[in-house]
Amino acid sequence: MTIKWYPGHMGKAHQQISELIRTVDVIIEVLDARLPASSSNHMLEELRRNKPCIKVMNKNDLADPVVTKAWVRTFEKRTGILALPLSAKQHREVNQLIKLCQRLAPNRGKPGRTLRAMVVGIPNVGKSTLINTLAGKCLAKVGDKPAITTCAQQIDLRNGIVLSDTPGLLWPDMSDQVAAYRLATSGAIGAGALDYTNVGLFAADFMMHRYRELLMDRYKLADMPDSATAILERIGRRLGCLVAGGEVDLHRAAEAFLRELRAGKIGRVSLEEPTQISTQVIEEN
Ligand code: G4P
């Protein structure tokens, strides 16, 4: 099944971002550390021109640390852009971002010379969470529905930095269906756009090949079933997703499995590695 997703208000995003970029000193691009290529938008590279940019690899607490290190090296080597893995919920980690902004715009952030930064990214990567942590209080709305932030704000961090929150303005590239399925697995795509069973099968197939031990440990599997459907059935049975007659409800099993995967209950998992993504995509991002 093809996943299509294009929220209406994203149509004017290109224009808004282009205008905002002119007014800022540093761009903070928020990516999901579990899928740094699929959660980026190649348009940003074009729009940012030569503005300094930091790639924040958020939700690092959920990603495979070895893979994240490989991504940081790849971004820096191939694009020259600094990548900072962090968890937007952790003040200590987020403070490194302030220091990095100051390093990229050394003449700013002083009295009379405000450092202006903007936070961009596709929906649900954690932009609002990051802004709230940076600001030290709840300013931007955080929610479980992608694209929940709907109006632009300026946020004075009172340390010489003013943040411009561009609300969920980038959109993922859905022309690549593998990327779309990775996004759906991570929870970045609105539930209305996808079929849970198909996404659950995609995720089960991925986990069976890449994180076999984690899967076996979490669901106490004595042996690895030989198909994604059989895995979902075993998981569904273990989690009690049954219909009358004792059959597994595959849809509910997929939902429960995805919920656990997204919450990190199975372990720290990365959905893509630099070696799986073409050089061109990484350089565009
Ligand atoms: P957005 O503005 O880019 O759309 O994203 P937002 O901050 O709303 O975050 C989307 C979801 O991701 C929220 O979960 C948020 O808590 C979670 N999140 C953000 N940063 C991190 C992180 O570093 N690690 C982890 N594990 N999760 C993160 P939610 O369940 O949709 O909302 P809530 O119940 O947590 O409020």
Report task. Examine distances only and state if a side-chain atom of R113 and a backbone atom of N107 form a donor-acceptor pair shorter than 3.5 Å. Result -> yes
Query raised in the report: Mind checking what makes side-chain hydrogen bond (donor to acceptor under 3.5 Å, both in side chains) contact with R218, not counting sequence neighbours?
Result: E260
Query raised in the report: Any ion pair linking D32 and R34 (charged N to carboxylate O, less than 4.0 Å)?
Result: yes
Report summary line: Smallest heavy-atom separation, T68 atom then S270 atom, equals OG1-OG, 4.4 Å
**Report entry** All pairs passing ring pair (Phe, Tyr, Trp, His ring centres under 6.0 Å) where residues 240-277 contributes a residue, at least two apart
**Finding:** Y196-H251
Report task. Treat each ILVMFWY residue as a node, draw an edge where side-chain heavy atoms are under 4.5 Å apart, and state whether L194 and I122 are in one component. Result -> yes
Query - Those residues that, when tested against R268, pass side-chain hydrogen bond (donor to acceptor under 3.5 Å, both in side chains) (two or more places apart) - result: none
Query - Side chain K51, main chain V24, donor-acceptor under 3.5 Å - result: yes
Query raised in the report: Counting distance only, does the side-chain N/O of S38 pair as donor-acceptor with the main-chain N or O of L35 below 3.5 Å?
Result: no
Query - Short side-chain to backbone donor-acceptor contact, N58 and V125, under 3.5 Å - result: yes
Throw together a table of side-chain donor-acceptor distances under 3.5 angstrom for residues 227-239, partners on residues two or more places apart or in other chains.
residue : atom : partner : partner atom : Å
S227    : OG   : A230    : N            : 3.1
R234    : NH2  : D223    : O            : 3.3
R234    : NH2  : D223    : OD1          : 3.4
R237    : NH1  : G246    : O            : 3.1
R237    : NH2  : G246    : O            : 3.4
R238    : NE   : Y219    : O            : 2.6

Requested in this report: Mind checking side-chain hydrogen bond (donor to acceptor under 3.5 Å, both in side chains) for E273 and listing every partner two or more places apart, or none if nothing turns up?
Outcome: R210
Report task. Keeping to residues at least two apart or across chains, list the salt bridge (charged side-chain N to carboxylate O under 4.0 Å, His left out) pairs with something in residues 97-111. Result -> D25-R108
Report task. Applying salt bridge (charged side-chain N to carboxylate O under 4.0 Å, His left out), name anything that partners E272, two or more places apart in sequence or on another chain. Result -> R182
Report task. Ignoring hydrogens and angles, tell me if any N or O in the side chain of S40 forms a donor-acceptor pair with the backbone of A37 under 3.5 Å. Result -> yes
Report task. With sequence neighbours left out, write down each residue that passes side-chain contact (heavy atoms from CB on, under 4.5 Å) with R48, or none if nothing qualifies. Result -> I21, I27, E45, C53, I81
Query raised in the report: Has the side chain of N132 got a donor or acceptor atom that lies under 3.5 Å from a matching backbone atom of S128?
Result: yes
Requested in this report: Look only at the side chain of T133 and the backbone of A88, and say whether a donor-acceptor pair between them is shorter than 3.5 Å.
Outcome: yes
Query - Any residue meeting ring pair (Phe, Tyr, Trp, His ring centres under 6.0 Å) with H209, in chain and number order, not counting sequence neighbours - result: none
Requested in this report: Verify side chain to side chain contact (heavy atoms under 4.5 Å, CB included) between V120 and K127, making sure each step is shown before the conclusion.
Outcome: CA-CA 7 Å; V120 295; K127 298 177 298 302; 5.6 Å; no
Query - By side-chain contact (heavy atoms from CB on, under 4.5 Å) - contacts of R73 (at least two apart) - result: K69, A70
Query raised in the report: For L157, which residues count as a side-chain contact (heavy atoms from CB on, under 4.5 Å) partner, sequence neighbours excluded?
Result: I98, L134, A135, I155, N159, I161, L163
Report task. Could I get the full list of side-chain hydrogen bond (donor to acceptor under 3.5 Å, both in side chains) partners for D64, not counting sequence neighbours? Result -> Y211
